[in-house]
Amino acid sequence: MFSFFERKRYLVDYLHGLVDIHNHILPGIDDGAKNVEESIEIIKGFSQFGVTNFICTPHIMNHYYPNTSATVKSSFDLLEKELSANNMNNIRIDYAAEHMIDDGFENNLESRQVLPLRKNSLLIEMSYLQPSFNFEYSIAKITQHNYFSILAHPERYVYYHKKYGIYKDLKSSGILFQLNFLSLSGYYGIEIQKVTRKLLKDGLIDFVASDVHNRRQLSALKEIKIPTKVLNLILPIIENTIKTFY
């Protein structure tokens, strides 16, 4: 049981060297950074606490953000050029995508319009309102195409909170889980924070990332303080994220 009277530590003091595998810092391509200037400001903010390695993951979401490998590469090239112009040679960036499991996903998968993390892992998400109706089928198709499925922010799917056993079922089917750092605080709500801690305690989380979209969220990340018991659960996951994606 976690106590409110435990000593708390700033999370960012333990993020040095992290590979941030989920963020929305590519400029002007989704609901993340609006322009390259904002992208640079966010990256500079991360570098203050030792995070200089990013895999940029804009949304690929039918009807809302119908990105392709071409649109993502164009935004990536713009950011890379601006980093060079600012002499930010210590920053390493790569690109992938966060894929919504929707009515356009299967076509993107079959036509090779998906963008994996480090060649063999697909970062996927669902709506926060209800599960994707074709989720299990899509996971099977992902496996058939020789990718691993990494489910972004499973703690934020509130329709699973009262059916907690589903998390273990998903894990047993081979799906990996990526936790958002902001879920450790009350940023998304107390209920999500509680489920986050339970997922950590049960050993169900594989990777962690920021999922930062803007400067406001980066500021919130800098203010997160967590009990030592929670920190001890997070540290091995941070190390696993670095080891897997560096």
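Sequential numbering from 1 along the given sequence is applied to the chain's residues. On a predicted model such as this, the values are computed, not experimentally measured, just so you know.
At a threshold of 4.5 Å between non-hydrogen side-chain atoms, the residues E106 and N134 do not count as touching. N120 places none of its side-chain heavy atoms less than 4.5 Å from the side chain of N146. Counting heavy atoms from C-beta outward, H59 and E125 have side chains that approach closer than 4.5 Å. Contact annotation: the side chain of I238 never approaches that of T241 to less than 4.5 Å [non-hydrogen atoms, C-beta and beyond]. The shortest distance between side-chain heavy atoms of N62 and N107 does not fall below 4.5 Å. Contact annotation: the side chain of V195 never approaches that of V158 to less than 4.5 Å [non-hydrogen atoms, C-beta and beyond]. Looking only at side-chain heavy atoms (C-beta outward), M88 and E82 stay at 4.5 Å or farther from each other. Using a 4.5 Å cut-off on side-chain heavy atoms (C-beta onward), N86 and K44 make contact.
Rounded to the nearest 0.5 angstrom, I190 CD1 and T196 OG1 are separated by 10.5 Å. If you take OG on S138 and CD on Q144, they are separated by 11.0 Å, rounding to the nearest 0.5 Å. Here the CG-OG1 distance, from N89 to T52, works out to 12.0 Å after rounding to the nearest 0.5 Å. The distance from atom OH of Y246 to atom CG of L18, rounded to the nearest 0.5 Å, is 12.0 Å. Annotation: the span from Y187 atom OH to I192 atom CD1 amounts to 11.5 Å, rounded to 0.5 Å. With values rounded to the nearest 0.5 angstrom, I43 atom CD1 is found 4.5 Å from L83 atom CG.
With no hydrogens or angles considered, no side-chain donor-acceptor pair links S210 and N23 at under 3.5 Å. H153 and E98 are linked by a side-chain donor-acceptor pair at a separation below 3.5 angstrom, with hydrogens and angles left out of the test. D211 and N180 share a donor-acceptor pair across their side chains, judged by distance under 3.5 Å alone. Side-chain contact check for Y164 and D202: at least one donor-acceptor pair (N or O, by modelled atom type) lies under 3.5 Å.
Among all heavy-atom pairs drawn from P154 and Q178, the shortest one is CD-O, 3.1 Å. Nearest heavy atoms, S183 versus E155: OG-OE2, 2.6 Å. Counting all heavy atoms, side chain and backbone alike, P116 lies closest to A96 at O-CB, 3.4 Å. For L79 against I25, the heavy-atom pair with the smallest separation is CD2-O, 4.2 Å. Minimum heavy-atom separation, R197 to P227: NH2-CD, 3.4 Å. Closest approach of Q193 and S185 over heavy atoms only: CB-O, 3.4 Å.
A tilted orientation is assigned to the rings of Y167 and H161, their planes being inclined by 30° to 60°. Ring geometry for Y157 versus Y160: interplanar angle over 60°, hence perpendicular rather than tilted (30 to 60°). Taking the six-membered ring for Trp and thresholds of 30 and 60 degrees, Y95 and F76 have ring planes inclined between 30 and 60 degrees apart.
Partners of Y14 according to the side chain to side chain contact (heavy atoms under 4.5 Å, CB included) rule, which considers only residues two or more places apart in sequence or in another chain, are R9, L231, L235. By the salt bridge (charged side-chain N to carboxylate O under 4.0 Å, His left out) test, E37 pairs with no residue at all, sequence neighbours left out.
Linking ILVMFWY side-chain heavy atoms closer than 4.5 Å, directly or via other members, places F133 and Y128 in two distinct hydrophobic clusters. Hydrophobic clustering of Ile, Leu, Val, Met, Phe, Trp and Tyr side chains at less than 4.5 Å, counting indirect connections, unites Y188 with L204. Linking Ile, Leu, Val, Met, Phe, Trp and Tyr whenever their side-chain heavy atoms come within less than 4.5 Å leaves I166 and Y137 in two separate clusters. Linking Ile, Leu, Val, Met, Phe, Trp and Tyr residues whenever their side-chain heavy atoms come within less than 4.5 Å places L151 and I237 in a single cluster. Under a hydrophobic clustering in which Ile, Leu, Val, Met, Phe, Trp and Tyr are joined whenever their side-chain heavy atoms come within less than 4.5 Å, directly or via other members, I29 and L78 fall into the same cluster.
Taking a 6.0 Å sphere around NZ of K141, one finds it holds more than 12 heavy atoms contributed by other residues, nucleotides or ligands. Atom NE2 of H16 sits in a sparse spot, with 12 or fewer heavy atoms from other residues, nucleotides or ligands closer than 6.0 Å.
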Evaluation steps, side chain to side chain contact (heavy atoms under 4.5 Å, CB included), between I21 and T244: CA-CA 10 Å; I21 66 169; T244 303; over 6 Å; no
Stepwise side chain to side chain contact (heavy atoms under 4.5 Å, CB included) test for L122 and L109: CA-CA 10 Å; L122 283 190; L109 184 63; 4.1 Å; yes
Verdict with supporting geometry, L233 and I205, side chain to side chain contact (heavy atoms under 4.5 Å, CB included): CA-CA 10 Å; L233 294 173; I205 300 299; over 6 Å; no
From CA spacing to verdict: side chain to side chain contact (heavy atoms under 4.5 Å, CB included), L184, L200: CA-CA 10 Å; L184 292 165; L200 286 169; 3.8 Å; yes
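A cation-pi geometry, defined here as NZ or CZ lying under 6.0 Å from the six-membered ring centre and within 45° of its normal, holds between K171 and F177.
Without hydrogens or angle criteria, S75 side chain to V72 main chain gives no donor-acceptor distance under 3.5 Å. Remark: side-chain polar atoms of H99 are paired, donor with acceptor, to backbone N or O of L115 under 3.5 angstrom. For the pair S74 (side chain) and A70 (backbone), a donor-acceptor distance under 3.5 Å is absent.
Of the options N53, L15, D20, V12, a side-chain contact (heavy atoms from CB on, under 4.5 Å) to F46 is made by D20 and by none of the others. Results of the side-chain contact (heavy atoms from CB on, under 4.5 Å) test with F207 over L117, V19, I242, I150 single out I150 as the only residue that passes.
Between Y10 and F49, a ring centre-to-centre spacing not shorter than 6.0 Å is recorded.
Counting side-chain heavy-atom gaps under 4.5 Å among Ile, Leu, Val, Met, Phe, Trp and Tyr, the cluster of M61 also holds Y64, Y65, M100.
Using a cut-off of 4.0 Å between Lys/Arg side-chain N and Asp/Glu carboxylate O, K81 and D77 are scored as not salt-bridged.
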